[in-house]
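Everything on this sheet refers to the single structure shown next.
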2 protein chains.
Amino acid sequence: MMQDLILGLEVVLSDGKIWNGMRAVQKDNAGYQLRRLFCGSEGTLGVITKAIIKLSPRPNQKFTALLAVNDACGLIELSKKLRSDMGEFLTAMEFFSDIGLSIALNNIPELIFPLKNRTSYYLLIEVCSGSIQVPLESMLLEIAEWSMENNLVTDGSLASSEAQRISFWRLREEQPEGQKRLGAQLKHDISVPPGRLVEFLDEAVKICNTLLPGVIINAFGHLGDGNVHYNLSPPKGRKNFSNLDNIIYSKLGELATKMSGSFAAEHGIGRAKIMMADNLRDPIERDVMRKVKKSLDHLNQLNPGVLFLDK
Amino acid sequence: MMQDLILGLEVVLSDGKIWNGMRAVQKDNAGYQLRRLFCGSEGTLGVITKAIIKLSPRPNQKFTALLAVNDACGLIELSKKLRSDMGEFLTAMEFFSDIGLSIALNNIPELIFPLKNRTSYYLLIEVCSGSIQVPLESMLLEIAEWSMENNLVTDGSLASSEAQRISFWRLREEQPEGQKRLGAQLKHDISVPPGRLVEFLDEAVKICNTLLPGVIINAFGHLGDGNVHYNLSPPKGRKNFSNLDNIIYSKLGELATKMSGSFAAEHGIGRAKIMMADNLRDPIERDVMRKVKKSLDHLNQLNPGVLFLDK
């Protein structure tokens with residue numbers, strides 16, 4: 001997360017004073033981690049006006065592969081193998097389903113699908129290294145072969161040019177735009193412990209199909225940290241979710257919460273998820289947050305109505 | 001830092017209520033990062049009673065080298081090369097000086113120095129990989145050769161057994177114990193941006209020698225994050241620092257602060273460094289921290305006298 005890359009901050013506080021926290025070191029433990037408190041506070045504790053960000057050297061080798069994976073269990077098996085054999089090099093493990101692929105291909109005309117076979121899931125893998133001595137390509141191919149021998153994967157392709165790399169990524173990244181063109185949507189930004197992703201996907205399908213049979217489920221996201229974007233479109237021939245929006249949000253949020261996960265993985269609370277936060281999080285947690293908010297903005301001047309109900 | 005590995009926490013609050021923040025996901029942005037606020041708060045905001053910690057797979061390859069480096073600039077050059085060529089594999093870059101080595105060797109009888117030549121600095125490097133296909137040993141040896149050809153390093157050794165690896169580490173890790181046996185000490189836990197370490201070391205020597213000529217300076221630490229333990233012993237034949245303790249602390253803390261660093265890199269403030277925090281940090285920062293403290297412990301029951309003066 002961005003907060004992990006932030007070394008220093010300058011923040012304008014609610015009383016107009018400016019906090020100069022522009023240090024440039026990773027290790028600073030002179031009291032509370034204010035830089036971490038302000039990051040992700042959605043403007044409710046202060047206005048960030050400067051930041052010092054930790055950079056990484058540009059890698060000297062990069063390979064991108066798209067694999068057609070038979071099922072969700074295969075995604076997990078493959079991700080475990082990638083972590084154990086190539087953990088240091090992994091910069092992306094993006095998964096998506098055949099439903100999401102169809103949504104993208106049907107709605108964004110210029111997209112190209114490079115494989116011969118369609119399966120239920122796909123994994124987009126990117127590996128990088130600063131060293132040119134690491135046999136990165138052969139390591140990745142070896143894992144792809146292993147996954148085929150173990151019947152996890154039926155087809156795959158290694159991007160052979162930057163243009164092809166970009167076209168692989170577009171299959172994943174254009175899904176939100178493709179789905180938007182379908183009409184109404186319910187979007188979820190959920191995280192679960194990566195090893196429990198299959199359990200989440202199984203349970204979530206049951207919940208959705210019980211509440212609204214035929215609802216179109218597009219689950220995609222970041223396999224490495226268990227962050228699933230679980231985006232729904234209405235059943236075929238329908239324009240909306242039959243007023244079930246809130247119950248679907250809350251049931252899926254509840255499921256993530258029960259699984260030690262989060263209903264707000266990377267996009268925060270804003271105004272839209274305040275009720276979910278109040279319902280799904282320990283009231284003690286919400287109260288601690290309210291106390292911190294009040295201590296730094298007792299007049300509630302900073303982004304009122306965000307994170308907490310404005311009363 | 002440990003806080004970067006914390007996924008979930010359970011914390012007993014000042015009113016006796018228990019916050020259940022035992023989530024097991026890296027990505028949770030449902031409001032303020034309380035897990036990060038409680039970590040490093042030194043017990044002043046709550047009592048941590050449970051934690052969920054992120055683990056990494058055990059590496060399948062590990063190499064440890066000790067290099068004799070000509071000067072502090074050489075340390076920086078070498079660390080840049082290691083970062084750029086072997087960044088993914090680096091798990092330790094510990095530096096120490098010949099003064100520190102002597103302190104360890106003279107005071108801890110069983111230590112063995114494995115090199116033929118003494119230089120002003122030494123770098124202990126550890127590299128690991130999850131993959132056995134990475135030519136880790138030859139990559140490390142190649143960098144060692146490069147550093148010799150470039151006159152940065154005059155001698156070096158690669159640990160050939162676990163026993164030898166441990167004996168290399170003891171040369172670094174026994175320095176605090178060795179120095180303790182010398183008598184009185186002034187210890188500093190400073191961080192500066194890693195690229196400015198030479199500047200820090202140069203300036204700090206000047207400050208110390210101006211204030212107390214002959215003071216024994218043992219600078220060692222973690223090159224990767226610019227964390228220097230700058231530990232002083234009295235000049236030869238003296239038992240103490242001639243009442244200059246506070247002025248030395250404050251001048252070195254001031255230097256680190258001017259260089260966008262920290263006077264409390266990894267060991268926190270406690271009771272000992274409150275005055276330094278009050279003097280060296282922006283009063284606005286101290287005030288923000290006091291407000292947060294008050295909001296979660298308005299009766300000042302939790303570790304009173306730590307982080308702030310107890311008044």
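The figures that follow rest on heavy atoms only: side chains count, while hydrogens, waters and symmetry mates do not. Residue numbers start from 1 in every chain, and the chains themselves are labelled A, B, ... in the order their sequence lines are given, proteins ahead of strands. Remember, predicted model here, so these are calculated numbers, not experimental data.
- Of the listed residues (B:A264, B:G8, B:G130), the greatest number of heavy-atom pairs within a distance under 4.5 Å of chain A belongs to B:A264.
- Among B:D85, B:L34, B:L37, the residue making the largest number of heavy-atom pairs under 4.5 Å with chain A is B:L34.
- With respect to chain A, the highest number of heavy-atom pairs below 4.5 Å among B:Q26, B:M139, B:M259 belongs to B:M139.
- Contact tally against chain B (heavy-atom pairs below 4.5 Å) for A:Q3, A:H267, A:R196: the top residue is A:Q3.
- Scanning residues 220-230 of chain A against chain B with a 4.5 Å heavy-atom cutoff picks out A:H222, A:D225, A:N227, ordered by number.
- For A:S84, the part sitting under 4.5 Å from any heavy atom of chain B is the backbone (N, CA, C, O) and nothing else.
- When side chains are defined from C-beta on, A:M1 counts as touching B:N29, because their heavy atoms get closer than 4.5 Å.
- Each of A:G87, A:S56, A:C39, A:G261 has some count of heavy-atom pairs under 4.5 Å with chain B, and the biggest count is that of A:G261.
- When B:K293, B:E285, B:R58, B:Q33 are compared by the number of non-hydrogen pairs under 4.5 Å with chain A, B:E285 comes out ahead.
- For chain B, the nearby part of A:P135 is the side chain; its heavy atoms alone come within less than 4.5 Å.
- Applying the 6.0 Å contact sphere to NZ of A:K251 captures no more than 12 heavy atoms from other residues, nucleotides or ligands.
- One finds the CG atom of B:L7 at 10.5 Å from the OG atom of A:S260 (value rounded to the nearest 0.5 Å).
- Heavy-atom pairs under 4.5 Å with chain A were tallied for B:D189, B:D15, B:T44, B:N60; the largest tally goes to B:T44.
- The shortest heavy-atom contact between A:R83 and B:P57 is O-CG, 4.4 Å.
- Of the listed residues B:T257, B:I269, B:I132, the one with more heavy-atom pairs under 4.5 angstrom with chain A than any other is B:I269.
- Comparing A:V134, A:L45, A:L13 by how many heavy-atom pairs each has under 4.5 Å with chain B, the most go to A:L45.
- Rounded to the nearest 0.5 Å, atoms CZ (B:R286) and CH2 (A:W19) are 13.0 Å apart.
- Proximity of the aromatic rings of B:F89 and A:F89 is defined here by a centroid distance below 6.0 angstrom, and this criterion is met.
- Chain B forms the most heavy-atom pairs under 4.5 Å with one residue out of A:K291, A:M86, A:M22, A:R36, and that residue is A:R36.
- In this structure, A:V288 and B:Y32 have side chains that are not in contact, with every pair of non-hydrogen atoms separated by 4.5 Å or more.
- Per-residue heavy-atom pair counts under 4.5 Å with chain B were compared for A:S41, A:P59, A:G40, A:G46, and the maximum is reached by A:S41.
- To the nearest 0.5 Å, atom CG of residue B:D4 and atom CG of residue A:D4 are 6.0 Å apart.
- Within a 6.0 Å radius of NZ in B:K81, more than 12 heavy atoms belonging to other residues, nucleotides or ligands are found.
- At distances below 3.5 Å, at least one donor-acceptor pair connects side-chain atoms of B:S191 with backbone N or O atoms of A:K27.
- In this structure, chain B has a heavy atom under 4.5 Å from the backbone of A:V192, while its side chain stays farther away.
- Listed by sequence position, A:R281, A:D282 are the residues of residues 273-282 of chain A in contact with chain B, using a 4.5 angstrom heavy-atom cutoff.
- Of the possible polar contacts, none joining the A:S295 side chain to the B:S295 backbone as a donor-acceptor pair under 3.5 Å is found.
- With contacts defined as side-chain heavy-atom distances shorter than 4.5 Å, the pair A:E142/B:Q133 qualifies.
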